[in-house]
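Predicted model, so just to flag it, every value in this text is computed and none were measured.
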Amino acid sequence: TYTWDFDDGTDPIEGRQIQHRFSDDGVFTVTVTVTDGDGGSAQRTAEITVGNVDPLLLLFDGPERVAEGSEFRFLTIASDVPNDTLTYRWELEDGPTREGLDETQVTHTYPDNGVFTVTLTIRDEDGGSVTESRELEVFNVAPTIIEIIGDFSGDEGEELGWSARATDPGDDELTYAWAFGDSNDPNDVEFGRDVTHVYDEAGIYTLTLTVTDDDSGSVTVTRTINVGTAGPSISRLDGPTDGLEAQALTFTITATDPT
């Protein structure tokens, strides 16, 4: 009878030729005992070094492209020999590093566009590891104009004003450019969230607002402005405050008209 003891906590195995799998790395003393039917026995030992096996990465899943300001998720599945405990380490370029026994997935939001590297390293308790990286493209998103408030009708010569509010999903700086529709020069614009303008003539004009982020993403909206004809305005009336019957009295009036 041939009895094998593998020094790894498993039950002995009998047989002249056997197979055995060690569930963890280490140095083990293998002992074989040969016994005959008359009670005689012989024993021999051998030392065997079992090396560690690196973890096996089965799944590394996540998007290739996401919008700036949008949350994304990467997840992984890995395996190793039964007795090894795995630690997961995520390194996000220009972002956080997260590490732990249960960190099989990671979420993050990039506030600006660019190309970033996501690196995953999985380690077992014996120093074995596997590392893989993926590139993630974060693309720019144009701003959104939330509202325009102000004067959408008025008179010629009257100062009209408008105010706008826009948002951007990233942390981009926004530029507000206004065209008032009474100029043939495309570069005749005013900048700022709040602007004023005077139309010299009555008519219907198109007010155009373009909001641009610092990555050249832009959005444009228009509003119609109705400018009416303003009547004359009396600024002064001069003349006597008393007189006699049959006396010619002189009066002078001062008036203006925007046209």
Side-chain angles (χ1 to χ4, degrees), residues 1-139 170:
T1 303
Y2 303 84
T3 304
W4 300 81
D5 187 316
F6 294 96
D7 190 28
D8 60 353
T10 59
D11 293 334
I13 300 176
E14 291 187 353
R16 186 169 181 273
Q17 183 176 358
I18 52 88
Q19 288 184 340
H20 183 71
R21 288 187 176 90
F22 291 90
S23 62
D24 205 356
D25 62 299
V27 178
F28 302 91
T29 300
V30 178
T31 302
V32 58
T33 302
V34 181
T35 306
D36 62 21
D38 298 320
S41 65
Q43 189 175 79
R44 179 167 292 187
T45 62
E47 191 173 87
I48 182 170
T49 300
V50 177
N52 184 55
V53 176
D54 292 336
L56 178 62
L57 181 60
L58 302 176
L59 176 69
F60 184 8
D61 188 47
E64 296 181 355
R65 300 180 75 245
V66 295
E68 62 178 2
S70 298
E71 185 180 74
F72 62 87
R73 181 189 308 272
F74 276 86
L75 59 90
T76 186
I77 299 175
S79 68
D80 204 340
V81 290
N83 291 338
D84 280 354
T85 300
L86 301 181
T87 300
Y88 302 85
R89 178 182 175 88
W90 299 90
E91 297 176 83
L92 285 76
E93 183 180 359
D94 290 343
T97 296
R98 295 172 184 166
E99 183 172 356
L101 299 178
D102 300 321
E103 296 287 343
T104 56
Q105 58 182 320
V106 65
T107 59
H108 185 58
T109 301
Y110 279 109
D112 204 0
N113 58 299
V115 178
F116 303 92
T117 301
V118 178
T119 301
L120 168 65
T121 300
I122 303 173
R123 292 185 175 88
D124 64 25
E125 61 193 42
D126 299 307
S129 67
V130 58
T131 298
E132 188 166 330
S133 297
R134 299 283 177 85
E135 280 196 346
L136 175 67
E137 179 188 354
V138 180
F139 57 87

*Asks:* Between Val50 and Asp8, is any pair of side-chain heavy atoms under 4.5 Å apart?
*Replies:* no

*Asks:* Do the non-hydrogen side-chain atoms of Thr76 and Glu132 ever get within less than 4.5 Å of each other?
*Replies:* no

*Asks:* Once rounded to the nearest 0.5 Å, what's the spacing between atom CG of Leu59 and atom CD1 of Ile77?
*Replies:* 4.5 Å

*Asks:* Enter the distance from Leu75:CG to Tyr88:OH here, rounded to the nearest 0.5 Å.
*Replies:* 11.0 Å

*Asks:* Taking Asp124 for its side chain and Asp126 for its backbone only, find out whether a donor-acceptor pair lies under 3.5 Å.
*Replies:* yes

*Asks:* Which heavy atom of Asp54 sits nearest to which heavy atom of Gly128, and what is that distance?
*Replies:* OD1-CA, 3.1 Å

*Asks:* Just how far is it from atom CG of Asp94 to atom CG of Asp112, taken to the nearest 0.5 Å?
*Replies:* 10.0 Å

*Asks:* Is a donor on one side and an acceptor on the other found under 3.5 Å between the side chain of Glu137 and the backbone of Arg65?
*Replies:* no

*Asks:* Heavy-atom distance under 4.5 Å between the side chains of His20 and Trp4, does that happen here?
*Replies:* no

*Asks:* Return the CZ to OG1 distance between Arg134 and Thr119, rounded to the nearest 0.5 Å.
*Replies:* 11.0 Å

*Asks:* Are side-chain heavy atoms of Leu136 and Tyr110 found at a separation under 4.5 Å?
*Replies:* yes

*Asks:* Tell me, which pairs form a salt bridge (charged side-chain N to carboxylate O under 4.0 Å, His left out) where one or both residues lie in residues 10-28, sequence neighbours left out?
*Replies:* none

*Asks:* Name the orientation class of the two ring planes belonging to Phe72 and Phe74 (parallel below 30°, tilted from 30 to 60°, perpendicular beyond 60°).
*Replies:* perpendicular

*Asks:* How close do Pro55 and Ser129 get, counting heavy atoms only, and between which atoms?
*Replies:* CD-N, 3.6 Å

*Asks:* Is Asp36 atom CG crowded by more than 12 heavy atoms from other residues, nucleotides or ligands, each under 6.0 Å away?
*Replies:* yes

*Asks:* Walk me through it: do Thr131 and Thr121 pass the test side-chain hydrogen bond (donor to acceptor under 3.5 Å, both in side chains)?
*Replies:* CA-CA 4 Å; Thr131 298; Thr121 300; 3.1 Å; yes

*Asks:* As an exercise, state the distance from OG of Ser23 to CG of Asp80, rounded to the nearest 0.5 Å.
*Replies:* 11.0 Å

*Asks:* Do the side chains of Ile13 and Phe6 get nearer than 4.5 Å, heavy atoms only?
*Replies:* yes

*Asks:* To the nearest 0.5 Å, what is the distance between NE2 (His108) and CD (Glu71)?
*Replies:* 10.0 Å

*Asks:* Quick one, Leu120 and Leu57 - any side-chain contact, counting heavy atoms below 4.5 Å?
*Replies:* yes

*Asks:* So, for Glu93 and Val115, which heavy atoms are closest and what is the spacing to 0.1 Å?
*Replies:* OE1-O, 4.1 Å

*Asks:* Give me the atom names and distance for the closest heavy-atom approach of Thr33 to Ser41.
*Replies:* CG2-CB, 4.5 Å

*Asks:* Less than 4.5 Å apart, any side-chain heavy atom of Leu92 and any of Phe116?
*Replies:* no

*Asks:* Tell me every residue that passes side chain to side chain donor-acceptor pair (under 3.5 Å) with Thr35, counting only those two or more places apart in sequence or in another chain.
*Replies:* none

*Asks:* To check you understand the geometry: which heavy-atom pair defines the closest contact between Thr117 and Ser133, and what is its length?
*Replies:* CG2-CB, 3.9 Å

*Asks:* Show the nearest heavy-atom pair for residues Trp90 and Val118, with the distance to one decimal.
*Replies:* CE3-CG1, 4.1 Å

*Asks:* Just jot down the side chain to side chain donor-acceptor pair (under 3.5 Å) partners of Arg123, sequence neighbours excluded, or say none.
*Replies:* none

